[in-house]
Amino acid sequence: MDHSHHGHEMHAEPHNHDKHAGHSPEMFRDKFWWSLILTVPTLLYSGMIQDWFNFGMPEFPGSQNIPLIFGTILFFYSGTVFIKSAGAELRAARPGMMVLISQAIIVAFAYSVFSSLRGRDTEFFWELSTLITIMIFGHWMEMRSVMNAQGALKELAKLLPDMAELVDGRQIALSEIKIGDVMLVRPGAKVPADGIVVDGSSSVNESMITGESELIKKIKNQTVIAGTVNGNGSLKVQVTKIGDNTALAGIMRLVAEAQKSQSKAQILADRAAFYLTIIATISGAATLAAWLLLGRGGAFALERTVTVLVIACPHALGLAIPLVTSISTSLAAKNGLLIKKRIALESARNIDVVLFDKTGTLTRGEHGVVDIWPLVGSQQDLIRLAASVEAGSEHPIAKAIMAKAREFKLELFAAKDFSAVPGKGAQAVLNGKEYFVGRTQAAGELESKAALAGEEGKTVVFIREENKLLGALATADLIREESAQAIAELKAMGKRVAMLTGDSEAVAKYVAKKLGITRYFAQVLPEHKVDKVKELQKDGSRVAMVGDGVNDAPALAAADIGIAIGAGTDVAIESAGIILVKSDPRDIVKIVKLSKATYAKMSQNLVWATGYNVIAIPLAAGLLGIILPAAIGAILMSVSTVVVALNAQLLRKLDL
């Protein structure tokens, strides 16, 4: 895998600074509780609150300064968090939420200190304290949600064991494993690195990587993936990939990349926050000027201004998109969909055509025995003979015959004098007689069957004993059972389905007919796959290309959405926007469903968050004749944040 390309993607653009850099949920939690402890006495000793609710507090020397002292401590302890972040926003020339919050608290603090020192009653320390405390609470909740999204990465990291055991009994740290080392993976242990089984047999649980719930049988020469859990057998595994090159590291990189990747909706939300900052600043200034001109006095005018600035803080807007995206990304990962480019998931709902690459996507990409025609004895007898001859061969057709023999649980004959006949087949001596398995001229009753099978793109092999024909087998690239269902569901959603393949017209026609695909392209060379994507896009159709990524990269990149299937271990398929960990074409249907649900939630949240501010700002300015205290403004704003957060959480209920 080539990792040189990750360099430029890991550094987000300068304006994408992270407002939570260096922050943690624990920090906000502590700040919230201390802020609350400081806020209560500030409220109780505030002259304005005592007048409103008609109560008094015990007096003692200096008690009149409690709001000033506690409010000031609170401003410097918690308020400065927002001011620092506002500085970062201004340096990046992207004023947003932090600038809004900072404006509100600086104006309120400056006015309150000035009032207290002049001995006036109209200070806003109680409003400043409640505002900061509520804002800190909102941030604590937001940070928790952001951390939950990053939790997906931590969960993946937990899949790896702490130590690896080598065959010689040494226990070593994962960082010390070298390619070529042979590890011992005991029953129930986690596989420490990607490798190939050199000895032993077992069943391995790969669900955490592939989402496939069934245990996968592992025998000699099969690959195992770091982080998967061994079953009851012991395996000796030679390390083939370590560190950053393992499948798991690739998946973690993708999750991290997806969390960094911008989405259209996020760009929209950032733009809305930017305009809202400008609107709020202008509204604040206009409110101040208007009430001063109306002669309501500086204190009243300033209180309205602070309220406008407080209520305009678009916290709901800030949460509207990130929450939905983090939930949809983790929901996708649970379903075996790795979202590499957020925009790919967002635009999946608008796809018109799904173009499948046949081999390895709609089919398994491996030969299997599909027909058995014995002239003598049973189907089992024919397979036993063929498999006994082919036992020593690595040829794909030999492997298909061996798989069939395993399926039938057959005992094989001992073979002698095995020899491969290039381009023809293989021969060996069984029980003193010479047998041949391979392609020869068809004869007699098998002739028409063989001809028809050939037209359907199947490979026919004959089994002979000495010079006598015993029967024939047909092998073909096996169509995945899930393919027909996936295509039917996509059609039901109103999507068109097309297929492309490098195979002959006959094979393409056979597979297309089996799966109910009307449009297909046959004999397409790898370098011409791109042209077929463009041909489908000519009439303005949006095309999702689904391929296994090996030679499909240019076509995946040219399509509106590239979906790589069977990522298994080669996760860093660059050109795909979405990667299907399970090689299941039905997951394309899940992508479309998730895309629609995610878009709906984002739209609802954006409409709620912006609509809320549009109504709230004039109310705060006192335009509607209602005078709204700043603290009520802060509470209303928090309510809007909670609504957005709860609405996003509803996405978790989606059943894909």
Side-chain angles (χ1 to χ4, degrees), residues 196-203 216-223 232-236 238 363-479 507:
I196 187 159
V197 177
V198 288
D199 191 25
S201 72
S202 184
S203 290
I216 311 294
K217 186 92 177 115
K218 297 290 178 187
I219 52 173
K220 195 173 171 177
N221 290 339
Q222 288 190 310
T223 50
N232 296 329
S234 251
L235 293 174
K236 287 182 184 167
Q238 186 169 17
T363 64
R364 293 190 175 279
E366 59 191 47
H367 268 257
V369 175
V370 285
D371 299 303
I372 309 169
W373 304 304
L375 294 175
V376 181
S378 68
Q379 291 194 349
Q380 259 105 325
D381 294 338
L382 196 62
I383 291 288
R384 176 180 284 141
L385 288 168
S388 302
V389 171
E390 293 281 16
S393 171
E394 283 296 304
H395 194 279
I397 290 172
K399 285 185 175 167
I401 295 171
M402 294 305 294
K404 199 71 182 169
R406 278 199 295 277
E407 190 188 312
F408 283 153
K409 299 189 170 61
L410 301 175
E411 286 284 318
L412 302 185
F413 301 118
K416 282 194 200 128
D417 305 333
F418 170 83
S419 67
V421 184
K424 293 272 179 70
Q427 57 192 40
V429 175
L430 312 174
N431 308 330
K433 287 183 184 168
E434 192 165 57
Y435 288 86
F436 170 82
V437 178
R439 299 175 201 193
T440 55
Q441 227 27 62
E445 59 184 283
L446 291 181
E447 207 162 343
S448 57
K449 283 183 178 172
L452 183 64
E455 276 174 30
E456 292 177 344
K458 297 174 183 174
T459 303
V460 179
V461 290
F462 298 93
I463 295 94
R464 295 176 175 276
E465 175 192 306
E466 309 286 338
N467 287 320
K468 184 170 126 204
L469 186 61
L470 299 179
L473 313 169
T475 68
D477 185 2
L478 298 168
I479 296 176
V507 175

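At least one cation-pi condition fails for Lys433 and Tyr435: the charged atom is not both under 6.0 angstrom from the six-membered ring centre and inside a 45 degree cone around its axis.
Ala426 and Glu390 get closest at one heavy-atom pair: CB-OE1, 3.8 Å. A pairwise comparison of heavy atoms in Met402 and Ala387 identifies SD-O, 3.5 Å as the closest pair. A pairwise comparison of heavy atoms in Gly377 and Pro374 identifies O-CB, 3.6 Å as the closest pair.
Using a distance-only test at 3.5 Å, with no hydrogens or angles considered, a donor-acceptor pair links the side chain of Ser202 to the main chain of Gly233. Here the side chain of Glu455 pairs no donor or acceptor atom with the backbone of Leu452 at under 3.5 angstrom. Listed for the Lys218 side chain is a donor-acceptor partner under 3.5 Å among the backbone atoms of Thr223. At distances below 3.5 Å, not a single donor-acceptor pair connects side-chain atoms of Gln427 with backbone N or O atoms of Phe418. Panel note: side chain Arg439, backbone Val460; no donor-acceptor pair is recorded below 3.5 Å.
Residues Asp371 and Lys449 form no side-chain contact, since every pair of their non-hydrogen atoms from C-beta on lies 4.5 Å or further apart. The shortest side-chain heavy-atom distance between Glu465 and Leu430 does not fall under the 4.5 Å cut-off. Side-chain atoms of Asp477 and Val507, non-hydrogen and from C-beta on, never get closer than 4.5 Å to each other. By the 4.5 Å heavy-atom criterion applied to side chains, Leu470 and Leu375 are not counted as neighbours.
Distance check, rounded to the nearest 0.5 Å: CD of Glu411 to CZ of Arg384 gives 8.0 Å. The structure places CG of Asp199 at 12.0 Å from CD1 of Ile219, a figure rounded to the nearest 0.5 Å. For the atom pair CZ of Arg406 and NZ of Lys404, the computed distance is 12.0 Å after rounding to the nearest 0.5 Å. We find the CG-CD1 distance between Leu412 and Ile383 to be 10.5 Å, quoted to the nearest 0.5 Å. Atom CG of Leu385 is separated from atom CD1 of Ile463 by 8.0 Å, given to the nearest 0.5 angstrom. From Phe436, atom CZ reaches atom CD of Glu466 across 13.5 Å, with rounding to the nearest 0.5 Å.
In this structure, Lys458 pairs ionically with Glu456, as a charged nitrogen and a carboxylate oxygen lie closer than 4.0 Å.
Summarising the local packing, NZ of Lys416 is surrounded by 12 or fewer heavy atoms from other residues, nucleotides or ligands at distances under 6.0 Å.
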